[in-house]
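All values below were derived from every heavy atom in this structure, side-chain atoms included, with hydrogens, water molecules and symmetry-related copies excluded. Every chain is numbered from 1, with letters handed out A, B, ... down the list of sequences.
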2 protein chains.
Amino acid sequence: MTASDSLDAPAGIAGQLSRGDVPLMRRASLREQVRQAVEELIVFGKLAPGEHLAEESIAELLGVSRQPVREALQSLSVAGFVDLRAGRGAFVHEPTAREAREVFHVRALLESDSCRLAAQNVDDDGVRRLEDIYAEGHAASQRGEDPRRLLELNRAFHRAITEIGANRVSLALLADLERRAGWYLATIIANRAPSSWAEHRAILDAVAAHDTDLAGNLMLNHIDHSRDLLEFTGQ
Amino acid sequence: MTASDSLDAPAGIAGQLSRGDVPLMRRASLREQVRQAVEELIVFGKLAPGEHLAEESIAELLGVSRQPVREALQSLSVAGFVDLRAGRGAFVHEPTAREAREVFHVRALLESDSCRLAAQNVDDDGVRRLEDIYAEGHAASQRGEDPRRLLELNRAFHRAITEIGANRVSLALLADLERRAGWYLATIIANRAPSSWAEHRAILDAVAAHDTDLAGNLMLNHIDHSRDLLEFTGQ
DNA sequence: GTCATCCATACTGCATACAGTATGGAGCGA
DNA sequence: TCGCTCCATACTGTATGCAGTATGGATGAC
């Protein structure tokens, strides 16, 4: 312990470490784990649109009781992955082309706004963070890593932009919209990745240069391209 | 029964009435009723920000078991009315000025977009519907009816615009955002109402005239005015 | 007096139990 | 053969039970 330590803070563990420095692996609640598990099953096609998700069967599949399953299904309903029919239970949502268009439209609105804000607010630290994610994502897409990983990196880039934009309400809404968009795109994300990261590069540069309008417009076009690809593949 | 009836459809009740013509008062699920009840208690200040919402006490208050209460609280958490702390349960959310700004910002984005779409899509039927709501709302605000009613009519107008704009994803997101904004504004909605309906009038005219840009901009300003009022009153 | 520790309390999170209802097919009549 | 009725089945919606844990005050050490 140095002299400054004893002056700045009380002695002991609390003086050297701060809250969260040593994260325990306290696992998330069962309902959250169930939510993630079922969402993955849906996103990666293990559960087909229209399929009936009986609470009991999912509970048995995951080795838990109906209760956390029930709560997870209600959460997934809000996020647009399942539909709850009164008295019938949960069914995997059947996305329509129109709905996909709408999701991308709203996402484009919110993200291009966030991107404008990001271009205004970004500092050196933010630029560095974006560069790191870009480097990793660009490399992963060129190596052709598995779709799950590519999807994750794609989300990381978009989320970082939104976080720098610093509108938490928007961030929360986009979290859901991105997961839905990811579902619609899941099967084609691998093909999309290369050109996608080229666009990410341009967005990053505009944000770093504080070019508000350019950043917003590039993000708008970027998301439009995703949507166009969706329509082109007829999904 | 006329001749055409027997040709167009089978005889009997099914031939004369169609699905939904005779709505039974099958009440919503308990969790939905609980959600509405607790949300009202929060919005109208009966439950103060920061207050701990113990499942048992709410269950007792409403005469139901903990189960539907629990599910209602999780739903309210998604909507931003309560915070769930792991292992502690639900607490009435404590909105910050920043958060209120963000909600209004996002709402302005989505609603002005919806309003542009509405100006594109609106037909005579839609204009009539807006006129009806406007007439009722304008009258109610001049008579100075109770805040609950004014809030409801305000929402009806905005929802009608969004429905005519016909982006269901946006509609769903705005439903939550409007309820949150309504909470922030609850105490001052009565004062706001008169000028608010004057602005609604202008928006309606722009939509009816299919003036896309004007409609979008008016809605943007309209929501900015709400937000400004919020900041002016220091809430 | 101050600080760490211990413990009673209250409440959550999950599991289980029970009652009510939507559904599809068997059975029956026309 | 066609259509209606009735019923067995399965599953949801709600209630209750139980184990684990966060918390704040009491207690004791320094």
Side-chain angles (χ1 to χ4, degrees), chain A residues 6 9-17 19-20 23-38 47 50-78 82-93, chain B residues 6 9-15 17 19-20 22-38 47 50-78 82-93:
Chain A
S6 57
I13 280 185
Q16 303 161 41
L17 300 171
R19 186 184 181 88
L24 286 184
M25 276 312 259
R26 76 202 299 168
R27 69 191 190 295
S29 64
L30 282 186
R31 73 163 176 275
E32 178 54 23
Q33 294 183 66
V34 171
R35 196 193 62 69
Q36 288 182 19
V38 174
L47 294 172
E51 197 161 329
H52 183 196
L53 305 176
E55 296 171 1
E56 182 71 44
S57 61
I58 298 202
E60 206 165 343
L61 177 70
L62 301 177
V64 298
S65 76
R66 277 179 53 209
Q67 191 54 37
V69 171
R70 196 178 157 71
E71 294 174 0
L73 289 175
Q74 286 174 19
S75 170
L76 286 172
S77 161
V78 175
V82 310
D83 300 319
L84 294 180
R85 300 189 219 163
R88 298 291 327 281
F91 297 77
V92 179
H93 180 63
Chain B
S6 57
I13 279 186
L17 299 171
R19 187 184 180 86
V22 185
L24 287 183
M25 277 309 261
R26 76 200 301 167
R27 69 190 189 295
S29 65
L30 282 186
R31 73 161 176 275
E32 178 54 25
Q33 295 183 66
V34 170
R35 197 194 60 70
Q36 288 182 20
V38 174
L47 293 172
E51 198 162 328
H52 184 196
L53 304 176
E55 296 172 0
E56 182 70 45
S57 61
I58 299 203
E60 206 167 341
L61 177 70
L62 301 176
V64 299
S65 76
R66 279 178 51 208
Q67 191 53 37
V69 171
R70 195 178 157 72
E71 294 175 1
L73 290 175
Q74 286 174 20
S75 170
L76 286 171
S77 160
V78 175
V82 310
D83 301 318
L84 295 180
R85 299 191 221 162
R88 299 292 326 279
F91 297 76
V92 178
H93 180 65

Quick one: which of dT14(D), dC14(C), dT12(C) gets closest to the side chain of Ala54(B)?
dT12(C)
Checking dT12(D), dA15(C), dG13(C) against the side chain of Glu55(B) (C-beta onward), the nearest is dG13(C)
Start at the 5' end of DNA chain D and walk down; is the nucleotide closest to Arg66(B) or to Glu71(B) reached first?
Glu71(B)
Result for 5'-nearest mapping on DNA chain C, choosing between Leu30(A) and Gly87(A), is Leu30(A)
Side chain of Arg88(B), heavy atoms from C-beta onward: which of dA15(C), dA22(D), dT12(C) has the nearest atom to it?
dA22(D)
Would you tell me whether Gln74(B) and Glu71(A) have side-chain atoms, one donor and one acceptor, within less than 3.5 Å of each other?
yes
Can you tell me if His52(B) touches the phosphate of dA10(C), counting only side-chain N or O atoms and a distance under 4.0 Å to OP1 or OP2?
no
By nearest atom, which of the nucleotides dT12(C), dT12(D), dA15(C) is closest to the Ser65(A) side chain?
dA15(C)
Closest-nucleotide mapping onto DNA chain C: is Gly63(A) or Glu56(B) further toward the 5' terminus? I mean the 5' end.
Glu56(B)
Determine whether a donor-acceptor pair (N or O, by modelled atom type, separation under 3.5 Å) exists between the side chain of His52(A) and the backbone of Arg88(A).
yes
Among the candidates dT14(D), dC14(C), dC11(C), find the nucleotide nearest to the side-chain atoms of Arg31(B).
dT14(D)
Hey, does Leu84(B) reach any base, or is it just sugar-phosphate, or nothing, if we go heavy atoms under 4.0 Å?
nothing
